[in-house]
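Starting from 1, each residue takes its place in the sequence as its number.
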Amino acid sequence: MSRFRRPPPTSPDDAGIVELIASLGQQLEIPKLDVREVRWSKIIPVSRAAVPIPSDWCFLVRQAIVMPARMMGKLTIEEWRPLIASSVLFQKKLRRSVDRRRWLYILLPTFLVLVGSTAVDVILRIYWISLIILLMVFPVIIVGNRHYGPYLKKARLDADTQASVLTGKEPFLEVLRKIDTMRQGDAEMTNAEKRSRRPLSLPTLAERIDNLQGIASTATSETS
């Protein structure tokens with residue numbers, strides 16, 4: 001490591017967060033949840049780029065959990081519980097169905113376009129037609145992402161719903177509202193959120209809050 005490179009930031013809560021994740025793994029019956037370190041970062045890699053991490057999200061990456069650096073020390077370990085539980089549920093339980101939709105909406109159509117272009121080139125030897133078919137890859141990917149993005153966002157909201165059963169709806173809502181209050185007073189945080197949510201297909205804070213409030217109102221109406 002270069003002597004000029006800054007060491008990654010650490011928090012006194014890191015050990016407690018790792019213990020929290022181990023406890024959530026047992027509660028959620030996820031035996032292979034092996035998180036050994038906490039990384040506080042401003043960015044998360046997405047494809048070949050990197051985007052800012054929104055203040056209300058964290059991500060499991062191999063044996064680490066990547067947390068938003070701007071939120072270090074601003075939430076207690078217990079306040080992180082619903083946010084981490086939602087991320088764990090999404091990445092360890094709901095991600096498989098999401099990946100199947102990704103294959104259906106993006107990868108399969110792209111594969112068929114490439115096969116069609118190759119077949120026209122090899123069999124018919126009509127190069128200009130094969131080129132036109134090949135150029136269809138770009139609109140196929142764009143249309144596929146438009147269908148896949150909302151499904152990915154819905155799956156993350158479903159993870160919130162399931163996490164609220166484990167951690168409680170009101171504590172979850174309280175921490176989201178607390179982050180929203182911080183965000184409104186922090187222009188840098190707000191600008192970073194605008195740049196990051198779209199490529200990550202993440203629900204906004206308002207969408208997460210509305211989702212949980214809708215669950216609470218439904219539950220209340222059923223019991224009355």
State, to 0.1 Å, how close V18 and V35 come at their nearest heavy-atom pair, and which atoms those are. CG1-O, 3.3 Å
I209 and Q213, any side-chain heavy atoms less than 4.5 Å apart: yes
Hey, does the side chain of S86 reach the backbone of P82 with a donor-acceptor pair shorter than 3.5 angstrom? no
Can a donor-acceptor pair be found between the side chains of W40 and D14 at a distance below 3.5 Å? yes
Would a distance-only check, ignoring hydrogens and angles, find a side-chain to backbone donor-acceptor pair under 3.5 Å from K169 to V165? no
Nearest 0.5 angstrom please: R208 CZ to D160 CG, how far? 4.0 Å
Thinking salt bridges, do E207 and K153 make one under a 4.0 Å N-O criterion? yes
Is it true that K154 and D158 have a side-chain N and a carboxylate O under 4.0 angstrom from each other? yes
According to a hydrophobic-cluster definition based on side-chain heavy atoms being under 4.5 Å apart (Ile, Leu, Val, Met, Phe, Trp, Tyr only), do M71 and I43 belong together? no
So, R36 and D34, do they make that salt bridge, N to O below 4.0 Å? yes
Between L202 and P54, which heavy-atom pair has the shortest distance, and what is it? CD1-CG, 3.5 Å
Same apolar cluster: L60 and M72, side chain cutoff 4.5 Å: yes
Test side chain to side chain contact (heavy atoms under 4.5 Å, CB included) on I53 and K42 and set out the steps. CA-CA 6 Å; I53 301 178; K42 295 181 180 180; over 6 Å; no
Report the distance from atom OG of S23 to atom CD of Q27, rounding to the nearest 0.5 Å. 4.0 Å
Which residue, V38, I30, I84, forms the side chain to side chain contact (heavy atoms under 4.5 Å, CB included) with I21? I84
Run L75 and I179 through side chain to side chain contact (heavy atoms under 4.5 Å, CB included) and show every step you take. CA-CA 9 Å; L75 298 178; I179 295 172; 4.0 Å; yes
Nearest heavy-atom approach of F172 to A163 is CE1-CB, 4.0 Å
Distance, nearest 0.5 Å, that separates CH2 of W57 from CZ of F90: 8.0 Å
Report whether L157 and L212 are members of the same hydrophobic cluster (ILVMFWY, side-chain heavy atoms less than 4.5 Å apart, transitive linking). no
So, R81 and E78, do they make that salt bridge, N to O below 4.0 Å? yes
Between the side chain of E79 and the main-chain N/O of V175, is any donor-acceptor distance below 3.5 Å? no
Which atoms form the tightest heavy-atom contact between L83 and C58, and what is the distance? O-SG, 4.0 Å
For K74 and M182, which heavy atoms make the closest approach, and how far apart are they? O-CE, 3.5 Å
Nearest heavy-atom approach of S41 to V66 is CB-CG1, 3.9 Å
Those residues at least two apart in sequence (or on a different chain) that pass side-chain hydrogen bond (donor to acceptor under 3.5 Å, both in side chains) with E37 are R39
Rounded to the nearest 0.5 Å, what separates atom CD1 in I77 from atom CD1 in I17? 6.0 Å
L205 reachable from M67 in the ILVMFWY side-chain graph, under 4.5 Å edges: yes
Going from CG on D13 to OG1 on T76, what distance comes out if it is rounded to the nearest 0.5 angstrom? 8.0 Å
